[in-house]
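No experiment lies behind these values; they were computed from the predicted model shown. As a basis for the values below, the full set of heavy atoms in this structure was taken, side chains included, without hydrogen atoms, waters or symmetry mates. Letters A, B, ... are given to chains in the order of the sequence lines, protein chains preceding strands, and every chain is numbered from 1.
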2 protein chains.
Amino acid sequence: MSDAIANLSRKEQVIRKAAELFKDKGYAAASMRDLAQLLGIEAASLYSHIKSKEEILRSLCFDMAAEFRKSLDDVEKEKISASEKLKKGIIGHIQVMAKDLTASAVFMNEHRHLSQPFLREFLLLRINYINRFKSILEEGVRTGEFKDSIDKKLAVMTLFSSLNWMPMWYDPGSAIDPSQLGQQLADMLVNGLKKNA
Amino acid sequence: MSDAIANLSRKEQVIRKAAELFKDKGYAAASMRDLAQLLGIEAASLYSHIKSKEEILRSLCFDMAAEFRKSLDDVEKEKISASEKLKKGIIGHIQVMAKDLTASAVFMNEHRHLSQPFLREFLLLRINYINRFKSILEEGVRTGEFKDSIDKKLAVMTLFSSLNWMPMWYDPGSAIDPSQLGQQLADMLVNGLKKNA
DNA sequence: CCTACCGATCGGTAGG
DNA sequence: CCTACCGATCGGTAGG
């Protein structure tokens with residue numbers, strides 16, 4: 001069983017290195033020979049740890065999806081206003097991404113290279129997650145917290161765009177930490193840039 | 001010279017079809033044989049119109065970059081407030097994208113496959129463009145139009161994320177036209193989602 | 001984890 | 001715009 005544990009952790013190493021490679025070069029342009037070289041082994045040896053290149057992509061994409069889902073589950077359970085839910089949802093999303101910026105970037109940019117039926121399943125998970133945020137927005141409009149003039153689809157896609165690009169530019173070594181980043185981003189989207197009168 | 005004109009227009013056809021293909025499959029996963037098939041010719045025949053696969057990517061990326069730049073040039077010339085400049089800059093950006101959503105998607109997602117020195121040049125153009133928006137934000141903070149509590153880097157990256165993801169979800173056949181979309185997006189970022197007291 | 005290797009596919013060229 | 005083809009590289013397997 002110590003073998004099984006060692007195998008698991010080696011598999012983890014392979015997946016993590018693959019995430020970096022996929023992020024940097026894109027899934028299609030990243031070769032298994034590139035990956036093997038990063039790990040200091042031969043390409044053929046990779047296949048004692050993983051079944052295929054796509055299996056790696058699948059585990060990266062679906063593991064992240066599960067994390068996002070879990071985070072939003074917790075927020076929805078709380079008895080708070082829609083704008084508080086939205087803020088906490090945003091902060092939770094940012095924190096999940098911050099835990100693994102590399103996997104987050106792969107999740108966002110490379111999922112389209114999943115084959116069927118995995119791609120379909122992934123897209124269903126994503127649309128479901130987006131719709132849960134949309135429901136929060138709609139709740140906020142109903143309760144009078146948010147403007148009713150806003151286009152809900154536009155608002156939710158803008159929110160998602162902002163969230164999903166974060167792994168592309170956020171520097172984990174920077175002064176602002178993920179929780180502050182989430183707070184500020186939520187504040188910016190809810191309250192806007194303009195100084196209130 | 002009618003030959004030259006015919007060649008130019010055929011070259012345009014190749015580039016436009018390539019843009020669709022690069023958008024759908026990603027640059028690395030799109031093969032010249034795929035492209036040839038879409039055009040109803042043999043792969044080898046492509047090379048009488050273009051020099052290389054990357055030449056297509058280069059023209060797509062740099063042509064879009066030039067359009068964005070031009071649009072912002074016009075806005076900066078106007079004698080208007082920072083918040084008006086920001087709004088017009090956003091609307092202009094959206095309109096440039098809307099003129100060619102396919103090329104916009106390639107510009108945004110596939111530029112990283114440019115080889116050096118083109119990649120470097122492209123990234124310099126992009127950072128320059130972003131910094132021009134950042135200057136508008138800073139001007140707005142100076143004049144008291146925008147909050148000074150906002151993190152400028154975060155604000156400008158959020159702005160860009162929102163803008164750049166638009167080609168991924170915007171349906172040109174939808175009820176909302178690009179100019180309205182630009183207006184609403186600008187309003188949402190400047191004024192926020194919250195109903196003002 | 002390695003050596004040896006496979007069939008498929010890649011971008012691109014030669015020559016017409 | 002075509003036929004014919006090139007060398008390189010791809011993901012992956014067999015067998016140890």
Side-chain angles (χ1 to χ4, degrees), chain A residues 2-61 106 110-116 118-119, chain B residues 2-61 106 110-116 118-119:
Chain A
S2 67
D3 255 25
I5 289 164
N7 263 337
L8 201 73
S9 111
R10 190 61 169 147
K11 183 172 180 174
E12 279 295 312
Q13 282 175 49
V14 170
I15 292 174
R16 292 179 74 87
K17 271 285 178 218
E20 291 173 29
L21 188 64
F22 293 172
K23 180 187 176 179
D24 289 344
K25 306 188 70 168
Y27 177 77
S31 79
M32 296 304 272
R33 282 159 178 86
D34 291 337
L35 177 55
Q37 199 174 25
L38 287 173
L39 290 159
I41 61 178
E42 292 300 316
S45 308
L46 290 168
Y47 292 88
S48 31
H49 302 106
I50 49 107
K51 288 195 197 72
S52 68
K53 187 184 179 186
E54 200 192 317
E55 186 203 41
I56 302 174
L57 183 61
R58 278 202 296 269
S59 71
L60 288 167
C61 289
V106 173
E110 309 302 332
H111 67 261
R112 62 165 155 184
H113 293 107
L114 290 168
S115 64
Q116 298 294 5
F118 306 102
L119 180 58
Chain B
S2 64
D3 255 28
I5 288 162
N7 263 336
L8 201 72
S9 114
R10 190 62 169 145
K11 183 171 179 173
E12 279 296 312
Q13 284 175 47
V14 171
I15 292 174
R16 292 178 74 85
K17 270 285 176 219
E20 290 173 31
L21 188 66
F22 293 172
K23 179 187 177 179
D24 289 344
K25 305 187 68 167
Y27 177 79
S31 80
M32 296 306 272
R33 281 159 179 84
D34 291 338
L35 177 56
Q37 199 175 23
L38 287 174
L39 291 160
I41 61 177
E42 293 298 320
S45 307
L46 289 168
Y47 293 88
S48 31
H49 302 107
I50 49 104
K51 288 196 196 75
S52 68
K53 186 185 181 185
E54 200 192 317
E55 186 204 40
I56 301 174
L57 182 62
R58 279 202 296 270
S59 70
L60 287 167
C61 290
V106 173
E110 309 301 331
H111 67 261
R112 64 166 153 182
H113 293 107
L114 290 168
S115 64
Q116 300 292 7
F118 306 102
L119 179 58

Flag if over 12 foreign heavy atoms under 6.0 Å of CD, Glu54(B):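 Yes, CD of Glu54(B) has more than 12 neighbouring heavy atoms, counting only those of other groups under 6.0 Å.
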
Review item, nucleotides 8-15 of chain D N/O atoms under 3.5 Å of protein N/O:
from	atom 1	to	atom 2	distance (Å)
dC10(D)	OP1	Ser31(A)	OG	3.3
dG11(D)	OP1	Ala30(A)	O	3.3
dG11(D)	OP1	Lys53(A)	NZ	2.9
dG11(D)	OP2	Met32(A)	N	2.8
dG11(D)	N7	Arg33(A)	NH1	2.7
dG11(D)	O6	Arg33(A)	NH2	2.9
dG12(D)	OP2	Tyr47(A)	OH	2.9
dG12(D)	OP2	Lys53(A)	N	2.8

Sidechain-backbone polar pair: Lys53(B) side chain, Ala30(B) backbone, donor-acceptor under 3.5 Å: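 Side chain of Lys53(B) to backbone of Ala30(B), a donor-acceptor pair under 3.5 Å: yes, one is there.
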
Between Glu55(B) (side chain only) and Lys51(B) (backbone N and O only), is there a donor and an acceptor less than 3.5 Å apart?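 The answer is yes, because a donor-acceptor pair under 3.5 Å joins these two groups.
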
Taking [atom1] from [X] and [atom2] from [N], how many angstroms apart are they, rounded to a whole number?
X        : N      : atom1 : atom2 : result
Glu42(A) : dA4(C) : CD    : P     : 11 Å
Gln13(B) : dC1(D) : CD    : C1'   : 14 Å
Leu46(A) : dC1(C) : CG    : C1'   : 10 Å

Do the side chains of Gln13(A) and Arg10(A) get nearer than 4.5 Å, heavy atoms only?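 Yes. Closest side-chain heavy atoms under 4.5 Å.
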
Over all atoms of both residues, closest heavy-atom pair of Asp34(A) and Ala29(A):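 Smallest interatomic distance, heavy atoms only, reads OD2-O, 4.0 Å.
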
Where is the tightest heavy-atom contact between Ala28(A) and His113(A), given as atom of each residue plus distance?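 What the structure gives for the nearest pair is CB-NE2, 4.1 Å.
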
Does the distance from a Lys or Arg side-chain N to an Asp or Glu carboxylate O, for Lys17(B) and Glu20(B), drop under 4.0 Å?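 The answer is yes: the pair qualifies as a salt bridge.
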
Go through the structure and list residues passing side-chain contact (heavy atoms from CB on, under 4.5 Å) with Asp24(A), not counting sequence neighbours.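 Partners of Asp24(A) under the side-chain contact (heavy atoms from CB on, under 4.5 Å) test: none.
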
Taking both distances under 3.5 Å as the test for a Watson-Crick or G-U pair, what stems of at least three pairs does DNA chain C have?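 Output for stems: C:1-16 with D:1-16.
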
